[in-house]
Amino acid sequence: MSQPGRFSPFKPFPSVALRRLGIAGLALLLLGSCTGSRPQSGGPTSFAMDTGAEAFSIGYEGIADLYVEPVPTQSLALAALDGVAALDPAIDFVRRGDSLIVTETGTPFAKFTVPADDSPTHWARLTAAAIEAARKRSAVLADTAADRLYEVAFDAITGKLDRFSRYHNAAETRAGRAARKGYTGIGVTIGETDGSVVVASVFHGSPAHSAGLKAGDRFVSVDGTPVAGKDMETTANLLRGAIGTTVAIRVARGGEAKDVTILRQRVIEDTVRFVPIDGIAYFNVSGFNSDTANALSQALIEAKATLGEELPGIILDLRQNRGGTLDEAVEVADLFVDNGIILETQGRHSMSRHRYDAQYGNTTTLAPIAVLIDSGSASAAEVVAAALQDSGRALVIGARSYGKGTVQRVIDIPPIASELILTWARMHAPSGYPLADFGVFPSICTPDYGDDPEVSAAALESGELRLSETMQKRLYVTRMDESERQKLLAWCHADHPPSTTDTDTRLALRLLSDRKLFQLAFHASRVALGERPKDLN
């Protein structure tokens, strides 16, 4: 384990090879699944063997150096070729001894000598050469755009890895960077309604918000170009532009046209919302981007101005929060935790093994905290919930979290404007238990007690609600047999979307308004921080 202290994942990687290949040094926490159809790539349309060799070399070398488990490069290369072959069932790539043979309906037409070693560069060249040979023979592959060839190849490569490692095409790469770092634009998300492109949401404080755009506005034209018949991606491209430039937009609202001219600025999606409820400060954190910790810090200032400097209580709602950047999760936890461990990460690469400590003096409030989680709370949200629970700063209420428990690194692939998301470390809560699979255990599992928060409160007062027994089990999940694991995985699983009026929030309000009851629940759920899994001592 490395020496205590704050690790910045933004420091450049020391490896000469990685610098040469342009691998990004940004550590991220990302949920390993996505929904909806995949956006069109917008990447290269014509396959070039030299470009392919460089792109595959970056990918293979990144996996060899950074991925949490060792994986033979040759298995990645053969997987990539299998992915490409799936586009044309007549084509096959067959490894026979020291040869790679390309066949069409079983008849060989090209042969390559496989590398004698597991060199990423050598296998990358072979991958690109084999694909090029197949394209010269197959009309299907010849007519397939290069960005599609890279998609199927890299999807097959990441299929050999864990469920959170994946490939982003050019369009997904642009979207991911915008979500993490912000983007130049007007500050809206867009959607489709009845065949029209509309404003889906407006970020608070954004140029679009200042200009008066509202959710539901239907785009009519952008800079004089009619939007009718255009899809969302085309409309989004019309709205994009250089920072400091203006865009003229006409929207339809309630049968009337509205014209606005908006100055494009750097925009970061809102992730924090503050609402005072019965004297308690309620904060919904929907994700973790580069501004989340700052936004929450500002929201705390607003809450103190509204409710008083000594806040009587805080509800931190992390339900359905899919995660985001690791540094922001650490910074958010550091707003409430004054000392001790926030998170530990362990992986194969030496730089993946780190301990993140709270910075003394960063704490913004000593108010009692209830953290709300559910089975959609993942990655960065789990880091914050576990840190506040184990440090003794918060009572965690709701359902068991998703259990992502891994840290990802983004590898830029500049030749094809894309990126790989690779798992490179596993996360452990301050008390030592792994966050993977089982996630964070709530102090009070609300699905067990129905929709009435008074039922949970009564069970707590009577002693029927015994919190410590299940909480202790999280320390030993790695040593359970399979039947015990499955039983525990089925416990307290539920999706509770963020709400200011649902059972979880009402129970949190009930406990925070009754300090004696809150302390009873808090002490009953405490896990002995000195008891850690043996492999972490």
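All values below were derived from every heavy atom in this structure, side-chain atoms included, with hydrogens, water molecules and symmetry-related copies excluded.
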Enquirer: Please test Val197 against Thr234 for side-chain contact (heavy atoms from CB on, under 4.5 Å), starting from the C-alpha separation and ending with a verdict.
Expert: CA-CA 10 Å; Val197 180; Thr234 302; over 6 Å; no

Enquirer: Is a donor on one side and an acceptor on the other found under 3.5 Å between the side chain of Asn321 and the backbone of Val285?
Expert: yes

Enquirer: Test side-chain contact (heavy atoms from CB on, under 4.5 Å) on Phe112 and Val102; report intermediate values, then the result.
Expert: CA-CA 8 Å; Phe112 300 90; Val102 191; 3.9 Å; yes

Enquirer: Could you go through Asp481 and Ser483, starting from their C-alpha distance and side-chain angles, then the distance that decides it, and tell me whether this counts as side chain to side chain donor-acceptor pair (under 3.5 Å)?
Expert: CA-CA 6 Å; Asp481 62 34; Ser483 63; 2.8 Å; yes

Enquirer: Can you list everything that forms a side chain to side chain donor-acceptor pair (under 3.5 Å) with Asp98? Sequence neighbours excluded, please.
Expert: none

Enquirer: Output all residues satisfying side chain to side chain donor-acceptor pair (under 3.5 Å) with Ser138, sequence neighbours left out; order by chain, then residue number.
Expert: Asp88

Enquirer: Would one find more than 12 heavy atoms of other residues, nucleotides or ligands at under 6.0 Å from atom NZ of Lys230?
Expert: yes

Enquirer: For the pair Asp374 (side chain) and Ser377 (backbone), establish whether a donor and an acceptor sit closer than 3.5 Å, ignoring hydrogens and angles.
Expert: yes

Enquirer: Quick one: does Ser375's side chain have a donor or acceptor within less than 3.5 Å of a partner on Ala494's backbone?
Expert: yes

Enquirer: Does this structure show an ion pair linking Asp437 with Arg485, if we count only N-O contacts that are shorter than 4.0 Å?
Expert: yes

Enquirer: For residues 219-227, dump all side-chain donor-acceptor pairs below 3.5 Å to protein atoms at least two apart in sequence or in another chain.
Expert:
from, atom 1, to, atom 2, distance (Å)
Asp223, OD1, Ala248, N, 2.9

Enquirer: Between Gly324 and Ala380, what is the shortest heavy-atom contact and its length?
Expert: N-CB, 3.8 Å

Enquirer: Just one of Thr73, Asp118, Thr127, Thr121 clears the side chain to side chain donor-acceptor pair (under 3.5 Å) bar with Tyr60, so which one?
Expert: Thr127

Enquirer: Would you confirm whether Ser57, through its side chain, and Pro120, through its main-chain N or O, come within 3.5 Å as a donor-acceptor pair?
Expert: no

Enquirer: Please examine the side chains of Gln320 and Pro498, heavy atoms only from C-beta on, and report whether any two atoms are closer than 4.5 Å.
Expert: yes

Enquirer: Would you say the side chain of Leu100 lies within less than 4.5 Å of the side chain of Leu78, judging by non-hydrogen atoms?
Expert: yes

Enquirer: Between Leu81 and Ile131, does the side-chain contact (heavy atoms from CB on, under 4.5 Å) criterion hold? Intermediate values first, please.
Expert: CA-CA 7 Å; Leu81 295 174; Ile131 292 174; 3.8 Å; yes

Enquirer: Quick one: does Glu328's side chain have a donor or acceptor within less than 3.5 Å of a partner on Ala293's backbone?
Expert: yes

Enquirer: Rounded at 0.5 Å granularity, tell me how far CD1 in Ile421 sits from CZ in Arg409.
Expert: 11.5 Å

Enquirer: Could you tell me whether the side chain of Phe47 reaches within less than 4.5 Å of the side chain of Tyr150, counting heavy atoms only?
Expert: yes

Enquirer: Using the test side chain to side chain donor-acceptor pair (under 3.5 Å), find all partners of Thr271 that sit at least two apart in sequence or belong to another chain.
Expert: Thr292

Enquirer: Mind checking whether Ile58 and Pro414 have side chains closer than 4.5 Å, heavy atoms only?
Expert: yes

Enquirer: Can you name the nearest heavy-atom pair linking Arg348 to Val68, along with the distance?
Expert: CB-O, 3.4 Å

Enquirer: Distance check, rounded to the nearest 0.5 Å: Tyr167 atom OH versus Thr158 atom OG1?
Expert: 10.0 Å

Enquirer: Judged by atom type as modelled, is there a donor-acceptor pair below 3.5 Å linking the side chain of Glu382 to the main-chain atoms of Gly403?
Expert: yes

Enquirer: Can you name the nearest heavy-atom pair linking Ile411 to Gly62, along with the distance?
Expert: CD1-CA, 3.5 Å

Enquirer: Counting distance only, does the side-chain N/O of Arg163 pair as donor-acceptor with the main-chain N or O of Ser165 below 3.5 Å?
Expert: no

Enquirer: side-chain contact (heavy atoms from CB on, under 4.5 Å) for Val332 and Val383? Distances and angles first, verdict last.
Expert: CA-CA 10 Å; Val332 165; Val383 169; over 6 Å; no

Enquirer: If I take atom CZ from residue Arg264 and atom OG1 from residue Thr246, how far apart are they, to the nearest 0.5 angstrom?
Expert: 7.0 Å

Enquirer: Go through Thr173 and Ser418 one step at a time and tell me if the side chain to side chain donor-acceptor pair (under 3.5 Å) criterion holds.
Expert: CA-CA 6 Å; Thr173 296; Ser418 300; 4.8 Å; no

Enquirer: Filter on side chain to side chain donor-acceptor pair (under 3.5 Å), then keep only pairs touching residues 235-244, sequence neighbours left out; what's left?
Expert: Asn237-Arg240

Enquirer: Work out which heavy atom in Ala53 is nearest to a heavy atom in Ala128; give both atom names and the distance.
Expert: N-CB, 3.5 Å

Enquirer: If I compare all heavy atoms of Gly83 with all of Ala156, which pair ends up nearest, and what's the gap?
Expert: CA-CB, 4.0 Å

Enquirer: Mind checking the CD1-CZ spacing from Ile157 to Arg166? Nearest 0.5 Å is all I need.
Expert: 16.0 Å

Enquirer: Considering only heavy atoms from C-beta outward, does the side chain of Asp147 approach that of Asn169 to under 4.5 Å?
Expert: no

Enquirer: Specify the closest pair of heavy atoms between Ala381 and Leu318, including all atoms of both residues, with the distance to one decimal.
Expert: O-CD1, 3.5 Å

Enquirer: Measuring from atom CG of Leu76 to atom OH of Tyr67, what distance do you get when rounded to the nearest 0.5 angstrom?
Expert: 10.0 Å

Enquirer: Heavy atoms, side chains only, cut-off 4.5 Å: are Val440 and Leu435 in contact?
Expert: yes

Enquirer: Less than 4.5 Å apart, side chain to side chain, heavy atoms only: is that true for Ile416 and Phe154?
Expert: yes

Enquirer: Ignoring hydrogens and angles, tell me if any N or O in the side chain of Arg400 forms a donor-acceptor pair with the backbone of Gly439 under 3.5 Å.
Expert: no

Enquirer: To the nearest 0.5 angstrom, please state how far the CG atom of Leu422 sits from the NE2 atom of His349.
Expert: 12.0 Å

Enquirer: Salt bridge (Lys or Arg N to Asp or Glu O under 4.0 Å) between Glu69 and Arg426: does it pass, once the steps are laid out?
Expert: CA-CA 11 Å; Glu69 301 287 351; Arg426 296 186 176 93; 3.0 Å; yes

Enquirer: Between the side chain of Trp123 and the main-chain N/O of Val114, is any donor-acceptor distance below 3.5 Å?
Expert: no

Enquirer: Taking the side chain as C-beta and beyond, is there a heavy-atom pair between Phe109 and Lys136 under 4.5 Å?
Expert: no

Enquirer: Please list, chain by chain and in numerical order, all residues satisfying salt bridge (charged side-chain N to carboxylate O under 4.0 Å, His left out) with Glu484, sequence neighbours excluded.
Expert: none

